[in-house]
Visitor: 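Right, I'll just put the structure down here and ask away after.
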There are 2 protein chains.
Amino acid sequence: MSIRIYDVGMSLRMALLGLLSVSGPASGYDLTKLFESTINHAWQARHSQIYPELNKLAADGLVTVEEEGPRGRKTYTITEEGSRTIREWMLTTGPARSARDEKTLRAFLLPTLKPEEALEVLRETVRECEAKLAVLEEIERRPSRPRTAGFGRYALDLGLRHTRMMRDWAAETAEEIERASRS
Amino acid sequence: MSIRIYDVGMSLRMALLGLLSVSGPASGYDLTKLFESTINHAWQARHSQIYPELNKLAADGLVTVEEEGPRGRKTYTITEEGSRTIREWMLTTGPARSARDEKTLRAFLLPTLKPEEALEVLRETVRECEAKLAVLEEIERRPSRPRTAGFGRYALDLGLRHTRMMRDWAAETAEEIERASRS
DNA sequence: GATTGACATGTAAAACTCGACACGTCAACA
DNA sequence: TGTTGACGTGTCGAGTTTTACATGTCAATC
């Protein structure tokens with residue numbers, strides 16, 4: 001086991017430990033789907049990244065394979081050390097946190113377009129946000145499964161706020177551009 | 001020049017073309033700093049990634065080196081083809097956009113902590129947001145330099161909204177946890 | 001004249017991420 | 001009985017991103 005000095009690249013690790021911690025024992029397959037259905041807005045990972053990371057996690061003693069089911073299914077459980085590790089990470093306040101959002105990047109690059117084009121992009125953004133909001137609000141209404149109950153609460157709220165913020169920004173910016181181009 | 005079929009990995013390319021498009025001719029050094037001071041919240045890139053990408057961009061005819069100054073400075077200018085390329089990219093609506101935010105990830109993993117610990121993390125988040133807001137509001141008040149004037153407008157507004165949203169979420173979630181743990 | 005710091009560009013190794021390939025199981029339904 | 005689709009784990013190659021290394025110029029200040 002190699003000690004990692006820097007925080008970079010710990011995110012996937014911590015996401016997996018966090019999911020295992022809150023949802024209880026799960027397989028790589030379960031975690032891949034959990035990833036998609038919960039923290040997908042904040043972080044993405046394919047199974048091709050998740051399976052190797054789980055093996056590393058097991059090698060480092062942060063998780064254990066307690067049970068092997070049919071179809072080669074391996075059920076991972078977080079260990080004491082794993083819990084300690086994620087707790088420390090969560091309580092560590094670092095100044096530099098990676099943040100990448102192509103949607104926001106496009107918003108920043110809006111001035112590269114002519115006003116009419118920018119307007120159309122913004123209106124499309126509003127439509128996308130509305131569609132996403134509809135999905136999130138539907139999830140909010142639907143009673144959550146017990147396994148992810150506490151987990152999804154804050155995540156969903158943040159997702160809703162983020163999407164509404166984006167929608168409002170796009171709508172108001174569109175209005176502003178429209179006003180400016182009319183005068 | 002190889003044609004890229006997928007959109008993935010185009011972000012850095014487009015960010016550079018966008019910066020060159022809005023701010024006018026600039027060197028790799030300028031772009032590195034522009035990156036930091038403008039779209040850093042949406043995308044990050046070190047000079048070790050920017051310099052090679054500029055060379056590729058030049059090889060592909062999307063930018064040209066019009067001028068070589070002292071200290072080996074190379075001033076890049078976006079070409080017609082470069083402008084066409086970013087315009088097409090901006091107008092292309094793809095469903096899958098990469099989004100990674102460690103701050104949000106941590107928010108999602110809050111339920112791994114005990115209520116008192118989560119509370120402390122949330123309060124720290126509020127403090128960080130307040131500090132960031134102070135910086136952004138100061139920038140808002142300060143008259144912008146002509147080179148990034150139009151560019152920074154929307155970016156700054158979105159940054160302010162995002163930070164306020166995060167602050168409000170953290171504050172209200174903290175309140176909620178406090179209420180729940182009191183009862 | 002020497003030192004410091006901003007300017008300026010680059011490369012190499014390691015780690016991270018994605019899409020594609022690859023293999024195999026089990027249950028349900030036709 | 002065959003086929004389909006969800007379950008389930010894994011590897012590989014290519015591209016992206018980071019950290020560290022590497023080199024040198026120019027202006028200002030001591």
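Below, chain A is the first sequence line, B the second, and so on; all start at residue 1.
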Visitor: For V135(A), enumerate each residue passing the side-chain contact (heavy atoms from CB on, under 4.5 Å) test, keeping only those at least two apart in sequence or located in another chain.
Guide: I139(A)
Visitor: What is the distance from CG of N55(A) to C1' of dC16(C), rounded to the nearest Å?
Guide: 17 Å
Visitor: Within the structure shown, what part of the strands sits under 4.0 Å from S27(B) by heavy-atom distance: base, sugar-phosphate, or nothing?
Guide: sugar-phosphate
Visitor: Nearest to the side chain of R100(B), which nucleotide is it out of dT17(D), dT17(C), dC16(C)?
Guide: dT17(C)
Visitor: Grab the CD1-P distance between I50(A) and dG19(C) for me, whole Å please.
Guide: 13 Å
Visitor: What pairs of nitrogen or oxygen atoms, one from the protein and one from nucleotides 24-29 of chain D, lie under 3.5 Å apart?
Guide:
none

Visitor: Do T32(A) and dG8(D) share a donor-acceptor pair, side chain to base, under 3.5 Å?
Guide: no
Visitor: Does R106(A) qualify as a cation-pi partner of W89(B), given the criterion of NZ or CZ under 6.0 Å from the six-membered ring centre and within 45 degrees of its axis?
Guide: yes
Visitor: Looking at dC16(C), dT9(C), dG8(D), which one has an atom nearest to any side-chain atom of Y51(A)?
Guide: dG8(D)
Visitor: Rounded to whole Å, how long is the line connecting atom CG of L12(A) with atom C1' of dT17(D)?
Guide: 16 Å
Visitor: How many Å lie between CZ on R13(A) and P on dC16(C), as a whole number?
Guide: 9 Å
Visitor: Using side-chain contact (heavy atoms from CB on, under 4.5 Å) as the criterion, list what pairs up with F35(B), not counting sequence neighbours.
Guide: L12(B), A15(B), L16(B), L19(B), I39(B), W43(B), A45(B), I50(B)
Visitor: Is it true that atom CD of E80(A) has more than 12 heavy atoms of other residues, nucleotides or ligands lying nearer than 6.0 Å?
Guide: no
Visitor: Round to the nearest Å and state the distance from F35(A) atom CZ to dC18(C) atom C1'.
Guide: 14 Å
Visitor: Between R73(A) and Q49(A), which has a closest nucleotide on DNA chain D that is more 5'?
Guide: R73(A)
Visitor: Can you tell which of dG8(D), dT17(D), dG10(D) lies closest to the side chain of D30(A)?
Guide: dG8(D)
Visitor: Can you check the N40(A) CG to dC18(C) C1' distance for me, whole Å?
Guide: 14 Å
Visitor: Looking only at N and O atoms, is any donor in the side chain of S48(B) or the base of dT19(D) less than 3.5 Å from an acceptor on the other one?
Guide: yes
Visitor: Measure CD/E53(A) against P/dT9(D) and give the value in whole Å, please.
Guide: 15 Å
Visitor: Let's see if you can work this out: which of dA20(C), dG10(D), dC7(D) has an atom nearest to the side-chain heavy atoms of K74(A)?
Guide: dG10(D)
Visitor: Taking any heavy-atom pair under 4.0 Å as a contact, classify R46(B): base, sugar-phosphate, or nothing.
Guide: base
Visitor: H47(A): what forms a ring pair (Phe, Tyr, Trp, His ring centres under 6.0 Å) with it, not counting sequence neighbours?
Guide: Y51(A)
Visitor: May I ask you to evaluate whether K33(B) reaches the phosphate of dA8(C), defined as a side-chain N or O under 4.0 Å from OP1 or OP2?
Guide: no
Visitor: Please name all residues satisfying side chain to side chain donor-acceptor pair (under 3.5 Å) with T104(A), sequence neighbours left out, ordered by chain then number.
Guide: D101(A)
Visitor: Does Q44(A) put a side-chain nitrogen or oxygen below 4.0 Å from OP1 or OP2 of dT17(C)?
Guide: no
Visitor: So, does the side chain of H47(A) form a donor-acceptor pair with the base of dG8(D) at under 3.5 Å?
Guide: no
Visitor: So with a 6.0 Å cut-off around CD of E138(B), is the heavy-atom count from everything else above 12?
Guide: yes
Visitor: Please list all pairs meeting side-chain hydrogen bond (donor to acceptor under 3.5 Å, both in side chains) that have one or both residues in residues 122-132 of chain B, counting only residues at least two apart or in different chains.
Guide: K103(B)-E128(B), E120(B)-R127(B), R123(B)-E178(B), E124(B)-R127(B)
Visitor: Between C1' on dT17(C) and CD on E36(A), what's the gap in Å once rounded to a whole number?
Guide: 15 Å
